Amino acid sequence: MAELRTVPGGPAAAPVVVPGGDRDGRFASRMIIAGASILSVVALAAVFAPLLSQWGETEIDAANTLVAPGGSHLLGTDGNGMDIWSRVLYAARLDLGIALAAVALAVVVGTLLGLVAGYFGGWLDDVLMRVVDIFQSFPTFILALAVAALLGNGTINLIVTIAAVNAPAYARLVRAEVRSLRELPFVDAAITSGASPAGVLWRHLLPNSLTPVRVIAPLNCGWAMLTLAGLSFLGLGVSIPEAEWGAMISLGAADVVGGRWWTSVPPGLALFVCVLGFSLLGEGLQDRANAKRR
Amino acid sequence: MRILRFVVRRLLQLVPVLLGVVVLAFLLVRVLPGDPVRSILGQNATEEDAAAARARFGLDQSLWHQFLDYLGGLLTGDFGTSIQSGGSVGSEMALRVGPTLELVVISVTFALVVATVLGIWSAKRANRAGDHSIRIFALVGNSVPEFWLGLVLVLVGYSILGWFPAPNGRVDPDTGLTPLTGADLVDAVLTANGPATASAAAYLVLPVLTLVVGVVAPLLRSVRASALEVLHSESYAAAKAHGLRDRTLHHGYLLRATLVRLPSLAALVFGTAIGSTVLVEYVFSWQGFGQWALRGLLYRDYPVVQASVLVIALCYVLVFLIADVVHAILDPRVRL
Amino acid sequence: MTVLSIENLSVTIRRPGRQVAALSGVSFAVRPGEVVGLVGESGGGKSMVARAVVGLLPGGSHATGRVRLGDSDVLRMDDAALAAHRGRGVAICFQNPRGALSPTRTIGKQLVDRLATHQDMSGDRAREAARELFETVGIRSAQRRLDAYAHELSGGMAQRVMISLATGCAPELLIADEPTTGLDVTLTREILRQFRHAADTDGRGVLLISHDLASIAEVCDRVVVLYAGTVVESGPAAQVLREPAHPYTRALLRSVPDVGGRPVVATPGAMPLLTQEPDNCPFVARCAHADRTCSTRRPPTAPVPGGGEWSLACFHPQTRPLDAGTPPPPAAEEKGAETGANPKPAVLEVEDAHVVYRSRFGSGGHHALRGVTLRLAPGETLGVVGESGCGKSTLAKLVMGLVAPTSGTVTVAGRALVGQPGRPRPRGRALRRARTRAQLVFQDPIGSLSPRRTVGDSIAEPLRAAGLSPAQREERVTAVLDRMELDRSILKRYPHELSGGQAQRVGIARALVGEPDLIVFDEPTSALDVTVQAQILDVIADVAADADRASVFISHDLATVRGFADRVVVLYLGRVVEEGPVDVVFDTPRHPYTRALLGSAPRLGPTTGSDGEAVELVKDLEEADAATGCPLAARCPFATGRCRTEQQELQSYGESRAACWRVPELPALIGRQAVTP
Amino acid sequence: ADSGSKSTDGKSGGASAKTLRIAVSSYLSSWDQDFVGFDLTALMLYKNVFPYLIDYGVTNADGSQILDTGNITPTFAESFEPDAEQKVWTLKLRRGVKFASGNEMKAADVKWSKDRAFAAQANVAGIYRTIGLTSADQVKVVDDYTVEFHQAFPSALTRQIQAISLYVFDSVEAKKHASGSDPWAKEWFAKNPPTGGYFNVAKATQGQEIELSANTGYPGPDPARTPTIRISVVPAASNQRLQLQAGDIDIALGISQRDIQDLKKAPGIKVISAASNRQVAIQMSVTAAPFNDVNVRRALAYAVPYEQIITNVYGGDARAAKSPVPLDMPGYDESGYPFTHDLDKAKAAMAAAGRASLDSELVFEADNEEQQKIAVQVQGEAAKAGIRLKLTPLDPATLGERRTKKNIPLQITSGQLWVDDVEYMLATSFVKGANLNYSNYSNPEIEQIYEKSHTTVEAGARNALWKRVQEILAADVPWVVICQPNFNLPVRESVAGWVQPMDGLARLRYLSASA
Ligand SMILES: Nc1ncnc2c1ncn2[C@@H]1O[C@H](COP(=O)(O)OP(=O)(O)OP(=O)(O)O)[C@@H](O)[C@H]1O
Ligand SMILES: Nc1ncnc2c1ncn2[C@@H]1O[C@H](COP(=O)(O)OP(=O)(O)OP(=O)(O)O)[C@@H](O)[C@H]1O
Ligand SMILES: [Mg+2]
Ligand SMILES: [Mg+2]
Ligand code: NI
């Protein structure tokens, strides 16, 4: 439907112009562009970290611990004498990597579950969805702690944990999508064309049910990063002393009180900017999807 | 009553879920490495001492036996005995659930109100400066780690400005609050304790703010999108084209239709908020449920972990149930 | 005196990267107590006119000209004036009534809102007035309905509510934007009468928008024909419809099938999407009479000599009556004789099939088909007609094996496509092969194509199941594309990039590519635009004529079936109420329901298809429930106690069979009904 | 300067002489000292709310008051003396000691408390084994105010052991809450301390705050100086710091090392410093590869950056340690201790072990910032010597389990011996099967010396033994001793009377605050 606009007055001969319309989606595009550029910058920083900093990720400058920004340490050093700037750069690798991998894993697992449950329905659906319920109602941090305690701290486990927390949402999303798609004629068309159930699932339902997933996933990446930071804050993050923003923030957070802002503000900003990038991207995509639905 | 039937049916559906949670939690804590009794025995304990302690907590029994005992206890409302404190888990938990629920409920409610007001405001001004800034603000808030925000709020609100009480608890002990539910503000109001009410409210401000900032963005986004959809819907256009007054339009045609989709998201947000209070509790010395559960897990206090998982799961599923009911009430199209 | 007078209205919508000239110099007027029809193809700008009148032009619109309502120009009103003008001055009934009603507010409250705003009523008085208004538009048990929500209403009911909302504003001008799309014939007539009523009794001006000239012809005083945002012809309804002067109006009329058996003549091409006001005749590309002038100059609007208000924008006005010169359809006997002489093994056999949709929770369910028996030989085309919800799609699904019969059997080319009571369940590759023997063409052409697969993929789907190699597939696909007159480049496109007509051609191509024994068309044209509909009907007629293939053609519209079906069955609430050779059924309908359907079918000009007077059904479909006995009993004006208790079986009456024991008495009964309504 | 003390609580602000506010990091796990509860907050509170019959005296060292572990004096007891054979110890109770309930402390309370400890088979029961007390029958009531402890063998450590174990519960009160299924009233103890120490628990809000009030029923020396002490739980160290700076608390027990350095300069705050006997070390498993090779152990001992750790982790506030025997302990001898930070020697030792590099994990306590930083520093330097370490923080339960299984190759330990004696050190840390012997270390000669030390009482002779012990340990290197961090406690300037606890458990009775 139309935008509800009243038509402004004016001389009879001149055309009457209804404002708006031209801005539709421009903000969404801007958000998408802004988000994507932020993320590309972060990704570039991650890739070229060694070129952008003279210190290594865990290199200790023992003579200079907790020095303020400036001098040979662009953003100062932390309590271990490690260079903040280079750690902030290197951390992008882990943070981006874990967030993306975790969300990817969650998407894959959740989508598969959702597809199967939504398509076959019946008892299989009931059972799968109850399992999803169980996982979803299981508290995040306890799940994370359990995985960490079970498998030890490590990148893979963090990915598994964060994926486990997120997968149920995708399963629900995809299931709901599949259930509504299943009622659409194109599925009947595929069946009457002799497609096998697997074929229907794989070639017809899967590609179409991914639309909402595509929109949610970026938002979810941002959220995954925050979860990762939270886990680090609880000491369940990446293995020490690998650089990870959340871990750096949680180590340095208490320093702010003492005026040593540089140990936690730079990683905090990096995390913030990166999450914001994902959020902008996700929100932009969602806007666009909503606009399309309208 | 159809609603009642629906609720009963949903409650029945919860049984397998909760049972699953119980089983999963039970197994999970037991496969975790770590010995629950070692930490209560001291350094000089021998293997026999440890065995005796295990026997005290029934940990020497077969897994089945332990599980059936535990299940039997649950059915009679007995959550077992904490290994760390030796006290009843049920009563300890009762002390801890109130404060956390109070925090989360107030935060989510507040976030919902803010999201609704701002979301609709924003949608009505879609693609104008005000709309853009609100959305960006929400996104920014959403992108800050909660514990970090909490620390900064403490630094600013307490240390620098001195507007808020020290982050050392939930209510000033000098106000002599009599605990009833554990939720201090509620207790203070119930016991008509003026100073305690003021104090509890003051203590709530910063943690609530922290949580609200963390959760408001998705709610706002959803309200705004729904409101936009309604504003662009044929039905709204029809009402507008029939020349209805703005007030009528707002209350009769926009508000309810906009809020229809909010409950399930609110439930989801509630769930994540419960999950993330553990951090906020730490920062604000809130001593709620999250910290208790975390400690239980760190020390492998099996009954505590099991109970906390179960209670969180219960909250979660109940909130979802409530959300569904609210949705059904808001949306006449929902078939129960 | 006019209520509405539009003068030289042009609207251009400018968006970044695209521009649409939605209206170009439109002028016409509506007088009080007059019903003006605004007709034309989709995208012609009909709704845009309506929006301009209520001041709801889309963002980015640039409008020139005037839209006068009384003394003031809607385009130049300020907010306050607009607010006063909307509702009281003009009220719109929207195209999709169920969507235009707020889903979360009871319809009673919605009406009361209008009454409160425009007629200063409140409280009980408003509710009382609301109830009365509901009754005037023909809503039964209005008191109860006040508390209903939009989703609880059927399409017809929703449209009535919409009309009551619009009239509740007490407007001077009532606009109805395609008020009857999606309704079946009996309802359409009923709804359109409401507008005539509003004009006649309340003296409102009524602007009735429709893509379907035929259906509104009856109620309009005058019609305005829009094409590509321009008024090509306007004038008194009777004149314009009987002897349309503009080639486009003629094309439009000839695209509409007629129960009388007048053939559909398709006009090739599609309406152009203008980016700016045209400087030639917009119809030039599709016009058989076009010459150089037409493509260089825009024809001015001029009165037709001696036509009174009749005016026209064409350099080559046509004067002959519409039907002259079009040859009668090829004799249907030829086909019938063929099937009669040569009894081949049946392609489709449906034996006493029942379908019950179980409700998800609890017992009970919806009995969608009750004891349907069909038999179809190769080369035969069966038409299936019936109103919305009677089970036509269910029958299609049943034939295709998409739903399993609750009892009874269905076989296609001797094989079962789905588990059936008392038979082994077919499985695996064999089942998939068997499925490709029967193909379905869907009502929603775009929705039946997988949105994220290319057209080429979709068409080749049945071939994939048959296990053909990619090369073979490609060969077959190109062959079928040629037959559908589709360009090769379409193979790489995605469904949303197709027009409705193209998509339906693709759908038919997919059905054809595996060379099935049976093709079922489930309302293949009802979602399409009028002229496109005619083109697709052409294609289908061609496909249905294939000698070694059987077809089932499902439609709610009797007229479309008549063109190429050999036999026709009439469904009512899941039962076959009448069956027989198409011409026999249409010319001498037996069952009261068939008579009612034929009676309410819109008709152009003087041609009357069937004998005698029509039957008027007494209630809306949703209020009729099929208990025991004749399903029509609740709506049939001739129902007796026996009808209500006794199950009706098909009996032969001449060449056709009908399930009504009163068939012999009917002509007499109808005569009486006509005298005492 | 003291601008922060406006604060919300007018009452405590005004009467700050009466009330002292202390912040701790966690709430105690339980009030039941026998059956459960083994965290530091709990132990500290026990020391103050339960009557310990004998305790350390106070002495002055380098200008600060410290607990004198060499001088154990009766407090709630009149006397605690052995017989000639040093096997039977007679405890005479002080008369007129009142529990919180008003009941007087009697011999029956002592008996019941010890019976309970033996029944629990936990903390105290374990410790008593070292002095030959293994069953409840060995504790005999003589009269209402006299109890005898009959040890299986004489021990030089009896006083030391009893100083940490001889606490008494209000048995009259406790028995009211006992039942057939719960004869020791465990359920009740968990929440309700039957106190009678220097302080009673006035109010305890689970998880949040504990209010202690001075026990007026204590007639002995050194009664509590502050009538009310409030202990509030503030988990975040930075919050403790902010509250201390704002004057909302007087003492912060859970503040991080870095904040302490800052607070030294903060107005209104003083940092009480004292040398401590807390020792930080890395224990290496001598029975599992790769640290079963003494050369590898040496390599690590040379690779650890001692000074760097002292500067970076402790801000210079630690003493370098040159022997596994803690500094200040009688018998300490650093002559002949070879290990300093020397990467060349480390590499040489690696070469001697025939390895260019190796991988191992370094375990430390999760959530322990100090250990984590040490681990990082060690990791950095060890890598230069070819020892690649994976840092593994473990939660308490996992750490406890792995320690009992003795399968940790390298772990950071830190702690202080409750008894300031090398014999006790050997008993707990270096003899086969000792509880703190996470290295799994055993050396026949050390075992011999340990046996011999039971009967060697003369100080010179003992010191000779200890010198030999230190030589052997320097050769075997089961531990890398890192340093002995000083004790630091930031308090408001108004706080006085802090006595540095050598066992790490604050004695609150000495504290006072001027208004
Ligand atoms: N909001 C809009 N933005 C841009 N173009 C529009 C908008 N609404 C309509 N148009 C364009 O204006 C032209 C006229 O559209 P309009 O809706 O008036 O057609 P219509 O005759 O009502 O068709 P239909 O039968 O499909 O309702 C079309 O070409 C359409 O694409
Ligand atoms: N999956 C289903 N579950 C339950 N009821 C159904 C289902 N599909 C159709 N029905 C009901 O069965 C009846 C017949 O439906 P069907 O779709 O066959 O009607 P139709 O004649 O094709 O109508 P239309 O002209 O609207 O397409 C309707 O009342 C419909 O509500
Ligand atoms: Mg339209
Ligand atoms: Mg249908
Ligand atoms: Ni729109």
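Within every chain, numbering begins at 1; the chains are lettered A, B, ... in the order of the sequence lines, protein sequences first and strands thereafter. Keep in mind the model is a prediction, meaning the values are calculated, not measured.
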Visitor: With a 4.5 angstrom heavy-atom cut-off, which part of B:Val260 approaches chain C: side chain, backbone, both or neither?
Guide: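 Only the side chain of B:Val260 comes within 4.5 Å of chain C.
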Visitor: Going from CG on B:Asp331 to OG1 on C:Thr104, what distance comes out if it is rounded to the nearest 0.5 angstrom?
Guide: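 Here the interatomic distance stands at 7.5 Å.
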Visitor: Can you establish whether the number of heavy atoms outside B:Phe137 located under 6.0 Å from its atom CZ is more than 12?
Guide: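 Result for CZ/B:Phe137: open.
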Visitor: Is C:Arg86 close to B:His242 at the side-chain level, that is, under 4.5 Å between some pair of heavy atoms?
Guide: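 They are not in contact (no side-chain heavy atoms under 4.5 Å apart), so the answer is no.
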Visitor: Compare every heavy atom of B:Ala238 with every heavy atom of C:Ala100, then report the nearest pair and how far apart it is.
Guide: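 C:Ala100 and B:Ala238 have their closest heavy atoms at O-CB, 3.5 Å.
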Visitor: What's the spacing between B:Ser235 OG and C:Gln110 CD if we round to 0.5 Å?
Guide: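 Here the rounded value is 7.5 Å.
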Visitor: Give a yes or no on this: more than 12 heavy atoms of other residues, nucleotides or ligands lie within 6.0 Å of atom CZ of B:Phe110.
Guide: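 Atom CZ in B:Phe110 is not packed in, count stays at 12 or less.
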Visitor: Using a 4.5 angstrom heavy-atom cutoff, name the option from C:Leu165, C:Thr106, C:Val90 with the most pairs to chain B.
Guide: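 Greatest number of close heavy-atom pairs with chain B: C:Leu165.
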Visitor: For chain B, find which of C:Pro171, C:Pro103, C:Ala116 contributes the most heavy-atom pairs closer than 4.5 angstrom.
Guide: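 The candidate making the most pairs under 4.5 Å is C:Pro103.
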Visitor: Got a second to check how far B:Leu244's CG is from C:Thr117's OG1, nearest 0.5 Å?
Guide: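 Answer rounded to 0.5 Å: 4.5 Å.
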Visitor: Can you tell me how far the OG atom of C:Ser102 sits from the CG atom of B:Leu249, to the nearest 0.5 Å?
Guide: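 One finds 10.0 Å between OG of C:Ser102 and CG of B:Leu249.
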Visitor: How many angstroms lie between CD1 in C:Ile92 and NZ in B:Lys240, if you round to the nearest 0.5 Å?
Guide: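 One finds 14.5 Å between CD1 of C:Ile92 and NZ of B:Lys240.
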Visitor: Side chain from CB out, backbone as N, CA, C, O: work out which of these in C:Ala166 comes under 4.5 Å of a heavy atom of chain B, or both, or neither.
Guide: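 C:Ala166 touches chain B through backbone and side-chain heavy atoms alike.
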Visitor: Tell me, side chain or backbone of C:Arg114 under 4.5 Å from chain B's heavy atoms, or both, or neither?
Guide: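 The answer is both parts of C:Arg114.
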Visitor: Name the region of C:Ala91, side chain, backbone, both or neither, that has any atom closer than 4.5 Å to a heavy atom of chain B.
Guide: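 Its backbone and side chain both get close to chain B.
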Visitor: Would you mind checking which part of C:His118 comes under 4.5 Å of any heavy atom in chain B, side chain (CB onward), backbone (N, CA, C, O), both or neither?
Guide: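 The answer is the side chain of C:His118.
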